[in-house]
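The structure appears right after this line, and notes come after that.
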Amino acid sequence: MAAVDDQTPPVLDETTCGTLLQKLQQIWDEVGETDDERDKMLLQIDQECLDVYKRKVDHAVKSRAHLLQALADAKVELSRLLSALGEKTYVGIPEKTSGTIKEQLAAIAPTLEKLWEQKDDRIKDFFDVQSQIQKISSEIAGDSEQVESLTVDESDLSVKKLDEFHMQLQELQKEKSDRLHKVLDLVSTVHDLCAVLGMDFFSTVTEVHPSLDDSTGVQSKSISNDTLSNLANTVLVLKEDKKQRLLKLQELATQLIDLWNLMDTPEEERSLFDHVTCNISASVDEVAIPGALALDLIEQAEVEVERLDQLKASKMKEISFKRQAELEDIYARAHVEIDTEAAREKIMGLIDSGNVDPAELLADMDNQIVNAKEEAHSRKEILEKVEKWMAACEEESWLEDYNRDDNRYNASRGAHLNLKRAEKARILVNKIPALVDSLVAKTRAWEQERDTTFTYDGVPLLAMLDEYMMLRHDREEEKRRLRDQKKFHEQMSKDPEVFGSTPSPVRPLGPKKVTGPRANGSANGPASRRLSLNSHQNGSRSTSKDGKRDVRLSAPVNYVAMTKDDAASHISGTEPIPSTP
């Protein structure tokens, strides 16, 4: 055995079963093994070789089965990946299905590697887009702090599915953008309203949601339905508050202006509240100045109104008499007679009794002033014609005096001026009948429209006009009688024998003079049936200090020589007015 061990072993590449068997035969020969032993050992070697072959075959079978299973699994995985990725075909898939199993596995392995990489990338894409969808959805729902764990469905990783998620994400991003713009607009509106109302914007807006503060980023602001709803409600509440405050401030501004006008408050004092009165006619949307409707400003205006009300009560008599004086002046200029003393006594009694609200009293007096102005306006046209008529009557009276002056043509100082005035007066006097007719027609129309008598300083105007026309008629008759008498005397002086003895000289009577509207009756008729107005002789057209005539007419106590009832009954709507012959 030692000799066998000492022998150098053959090279492995040269060792074969034959060489080994030959070597074994040599050893047996040296040892002297019997043939039986040799056969037995050869059988054993054959059996051992068979077992080795069997094991190798079994291993080969199992290896082949494993490779076949791997190939089948690879094909299944390939199909599953293609289905999940939504790929109907793939460029890297081998077209040949022949060849050894390992060749087929080697051919399909690169495709699987690429598909697995593509699947991983696709899962990341799905995770990213779904994460954004989940985040925006949570922001819209208002539960962004409770984000659930996200799981990607790997059974459908197709591009179509990914595009659907992208479209959903775009819609959500658009909705988020729209909501964010709405939130920012509402926050801006709240800011503006708080500024006008003098309120704390920070506390107001953070009460809706803490993220709405200006210190937080735009993308961090809450866009949930609750936030939008609460913001919209806050804006509505602030707008209503703004509207109510504006109405209150405008009411106070109106009261201030009324009180200022009532008490003639100087502009310097009024200017202190320009910030209140500047919005008296403004609409809600027009008021945008910060602090314009602050509560302290409204309280300041209320205090001022209360102060002026108290001041008004103490000056009530002065204010009321000022209103009464305005009312009396309107009626005086309109030549409407009122009992001023009784009115003032009534005002004094109401104020002293304390049974009337000062505001109501002033409002009543204001209504009286408005009514007086309306009545004065309705009388304006007639009064203008009365003024023209009275001016014409004055010129008529002056012309009669001028005609009776025997020295009117003498070359005295100012004679040429009187001559020009006489020419103009004759033209004006000739227009009096037409002027009176027009005045009568308008007066009657005025009375029929209002069912009342038109009076001038307490005297019916139609009675005055009728009186004037009667006097004018009497004057014309007197002139005619004097002309006949003068003609008779002239004939007597020319032919005294026809008329017998020469008559004694008779003093001629001067013609009657129509003085127009004068006071204290007329010299041309009984005082009981003559009515006239005061003229320049008794101060009806007085001369002011600067030499100008005052066209205002007055109505003195002795205005008429007959009672107003007699004057009113003296003329009727159907009685004809005599005209100048």
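In terms of heavy-atom proximity, V208 sits nearest to T227 at CG1-O, 4.0 Å. Between S320 and L361 the shortest heavy-atom distance is OG-CD2, 3.8 Å. Closest non-hydrogen pair, E286 versus S281, comes out as OE1-O, 4.4 Å. Across all their heavy atoms, N279 and A292 have their closest contact at ND2-CB, 4.1 Å. The shortest heavy-atom contact between L383 and A334 is CD1-O, 3.5 Å. Across all their heavy atoms, L252 and A301 have their closest contact at CD1-CB, 3.8 Å.
To the nearest 0.5 Å, atom CD1 of residue I319 and atom CZ of residue R323 are 7.5 Å apart. Note: K479 NZ to E400 CD = 5.5 Å, rounded to the nearest 0.5 Å. Rounded to the nearest 0.5 Å, atoms CG (L350) and CD (E345) are 12.0 Å apart. The CG atom of D258 sits 10.0 Å away from atom CG of L362, with the distance rounded to the nearest 0.5 Å. Considering OG1 of T443 and CD1 of I382, their distance stands at 4.5 Å, rounded to 0.5 Å. Within the model, atoms CZ of R344 and CG of D339 stand 11.5 Å from one another, a figure rounded to the nearest 0.5 Å.
The shortest side-chain heavy-atom distance between K373 and E326 falls under the 4.5 Å cut-off. Contact check for V440 versus M469: no side-chain heavy atoms found under the 4.5 Å cut-off. Inter-residue side-chain proximity for R179 and N225 is flagged as met; some heavy-atom pair is nearer than 4.5 Å. Within the 4.5 Å cutoff, the side chain of L297 has heavy atoms near those of the L249 side chain. Side-chain contact between H335 and D457 is present, with heavy atoms from C-beta onward closer than 4.5 Å. Contact of the L259 side chain with the T265 side chain is not registered, since no non-hydrogen atoms from C-beta on lie closer than 4.5 Å. At a threshold of 4.5 Å between non-hydrogen side-chain atoms, the residues D466 and M470 count as touching. Side-chain atoms of L231 and L212, non-hydrogen and from C-beta on, do get closer than 4.5 Å to each other.
Taking a 6.0 Å sphere around CD of E381, one finds it holds 12 or fewer heavy atoms contributed by other residues, nucleotides or ligands. Other residues, nucleotides and ligands place no more than 12 heavy atoms under 6.0 Å from the CD1 atom of I289.
Distance alone, capped at 3.5 Å, is enough to place a donor-acceptor pair between the K242 side chain and the V284 backbone. With S397 contributing its side chain and E394 its backbone, the two residues share no donor-acceptor pair below 3.5 Å. D329 places no side-chain N or O within donor-acceptor distance of the main-chain N or O of A325, the cut-off being under 3.5 Å. Here the side chain of S188 pairs no donor or acceptor atom with the backbone of L184 at under 3.5 angstrom. S438 places no side-chain N or O within 3.5 Å of a backbone atom of A434 that could act as its donor or acceptor partner. Of the possible donor and acceptor atoms, one in the side chain of H181 sits under 3.5 Å from a partner among the backbone N and O of S177. D364 contributes no side-chain N or O that, together with a main-chain N or O of E360, makes up a donor-acceptor pair within less than 3.5 Å.
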For this session: Could you give me the CA-CA distance, side-chain angles and deciding distance for R480 and D484, then say whether salt bridge (charged side-chain N to carboxylate O under 4.0 Å, His left out) is met?
Result: CA-CA 6 Å; R480 185 181 296 108; D484 293 343; over 6 Å; no
Problem set entry | Working for side-chain contact (heavy atoms from CB on, under 4.5 Å), residues T234 and L193 | CA-CA 10 Å; T234 301; L193 290 171; over 6 Å; no
For this session: Evaluate the side-chain contact (heavy atoms from CB on, under 4.5 Å) criterion for residues S222 and V183: first the C-alpha distance (whole Å), next the side-chain angles of each, then the deciding distance (0.1 Å), finally the verdict.
Result: CA-CA 8 Å; S222 174; V183 168; over 6 Å; no
For this session: In sequence, state the C-alpha distance, the side-chain angles, and the governing distance for N230 and H209, and then conclude on side-chain contact (heavy atoms from CB on, under 4.5 Å).
Result: CA-CA 9 Å; N230 293 335; H209 197 277; over 6 Å; no
Exercise. Between T277 and R270, is a side-chain contact (heavy atoms from CB on, under 4.5 Å) present by the stated rule, with each step listed?
Worked result: CA-CA 9 Å; T277 56; R270 298 188 184 195; over 6 Å; no
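Ion pair K182/D178 not flagged as a salt bridge, since none of the NZ, NE, NH1 or NH2 atoms sits closer than 4.0 Å to an Asp/Glu carboxylate oxygen. Using a cutoff of 4.0 Å between basic side-chain nitrogens and carboxylate oxygens, D241 and R245 are scored as salt-bridged. Under the 4.0 Å criterion applied to side-chain N and carboxylate O atoms, D401 and R404 are assigned as salt-bridge partners. Salt-bridge annotation for E478 and R481: present, with a side-chain N of the basic residue lying under 4.0 Å from a carboxylate O of the acidic one. Taking 4.0 Å as the cut-off between side-chain N and carboxylate O, K322 and E318 do not count as a salt-bridged pair. A salt bridge links R307 with E304: at least one charged nitrogen is closer than 4.0 Å to a carboxylate oxygen.
The one candidate from R421, K431, K388, R426 that meets the salt bridge (charged side-chain N to carboxylate O under 4.0 Å, His left out) condition with E395 is R421.
Applying the ring pair (Phe, Tyr, Trp, His ring centres under 6.0 Å) test to every pair with at least one member in residues 431-455, sequence neighbours left out, gives these pairs: W446-F454.
R483 is linked by a side-chain hydrogen bond (donor to acceptor under 3.5 Å, both in side chains) to nothing, counting only residues two or more places apart in sequence or in another chain. Judged as a salt bridge (Lys or Arg N to Asp or Glu O under 4.0 Å), and not counting sequence neighbours, the contacts of E302 are K248. In this structure, the side-chain contact (heavy atoms from CB on, under 4.5 Å) partners of E375, at least two apart in sequence or on a different chain, are Y331, V336, S378, R379. Under the rule for a side-chain contact (heavy atoms from CB on, under 4.5 Å), A288 has no partner lying at least two apart in sequence or in another chain. Annotation: side-chain contact (heavy atoms from CB on, under 4.5 Å) contacts of E490 (sequence neighbours excluded): K486.
A donor-acceptor pair shorter than 3.5 Å can be found between the side chains of E240 and Q244.
Between W260 and F273, the ring planes are tilted. Angles from 30° to 60° get that label.
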